[in-house]
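Encoded as structure tokens, the structure appears first; notes follow it.
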Amino acid sequence: LRAEYQRRLARYNLTVRQLAAKYKMDFAAFEQQEMTKQLGYSWEVESDAIAWETAVDGIQTMQEQLRQLKSHGH
């Protein structure tokens, strides 16, 4: 289970890094500046926004799952 969580965490981190590099900002700035709106709600930008949000949420979830595993001695 730990290996699966770590694999997912690595994948989410990669997605976050790639999209931050692509848009030259972090997800919070991307949302704050309403980049999907600024870029005309294109399929690519909408898709990136969904993937980015999923990855950001996934990182938090996987870190929490790993903490719980560690606290339960697994």
Side-chain angles (χ1 to χ4, degrees):
L1 200 55
R2 174 177 278 124
E4 175 63 18
Y5 290 160
Q6 289 172 331
R7 186 188 66 75
R8 289 183 190 179
L9 184 58
R11 189 179 77 230
Y12 292 143
N13 276 313
L14 177 62
T15 299
V16 166
R17 283 194 309 275
Q18 288 173 331
L19 290 169
K22 180 177 181 177
Y23 292 98
K24 297 178 178 47
M25 63 184 74
D26 64 16
F27 184 67
F30 181 88
E31 283 204 311
Q32 185 177 22
Q33 295 178 33
E34 298 181 322
M35 293 305 294
T36 52
K37 182 178 180 181
Q38 282 189 45
L39 298 171
Y41 298 103
S42 74
W43 185 88
E44 180 183 7
V45 176
E46 290 279 353
S47 179
D48 285 349
I50 292 166
W52 207 347
E53 183 173 26
T54 300
V56 168
D57 290 345
I59 288 168
Q60 293 171 344
T61 301
M62 290 304 102
Q63 287 174 336
E64 179 57 31
Q65 295 291 346
L66 286 165
R67 272 194 295 276
Q68 286 180 14
L69 278 179
K70 188 177 272 186
S71 72
H72 288 90
H74 294 289

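These numbers come from the heavy atoms of this one structure, side chains and all, not from hydrogens, waters or symmetry mates.
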What are the two closest heavy atoms between [X] and [Y], and how far apart are they?
X: A49; Y: T36; value: CB-CG2, 3.7 Å
X: D26; Y: A29; value: OD1-N, 2.8 Å
X: D48; Y: Y23; value: OD2-OH, 2.6 Å
X: K22; Y: E44; value: NZ-OE2, 2.5 Å
X: L9; Y: L66; value: CD2-CD1, 3.9 Å

Checklist entry - Can you check whether M25 reaches Q32 side chain to side chain, under 4.5 Å on heavy atoms? => result no
Checklist entry - In the single-linkage hydrophobic clustering (I, L, V, M, F, W, Y; side-chain heavy atoms under 4.5 Å), do Y41 and M35 co-cluster? => result no
Checklist entry - Same cluster or not: are L39 and L19 linked, directly or through other Ile, Leu, Val, Met, Phe, Trp or Tyr residues, by side-chain heavy atoms under 4.5 angstrom apart? => result yes
Item to check | Sequence neighbours excluded - side chain to side chain donor-acceptor pair (under 3.5 Å) pairs with any residue from residues 54-64 | outcome: E64-R67, E64-Q68
First locate atom [atom1] of [X], then atom [atom2] of [Y], and finally report the distance between them rounded to the nearest 0.5 Å.
X: E4; Y: M62; atom1: CD; atom2: CE; result: 8.0 Å
X: I50; Y: E53; atom1: CD1; atom2: CD; result: 8.5 Å
X: R11; Y: I59; atom1: CZ; atom2: CD1; result: 11.0 Å

Checklist entry - How are the rings of W52 and F30 set relative to one another: parallel (under 30°), tilted (30 to 60°) or perpendicular (over 60°)? => result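 Plane angle between 30° and 60°, so tilted.
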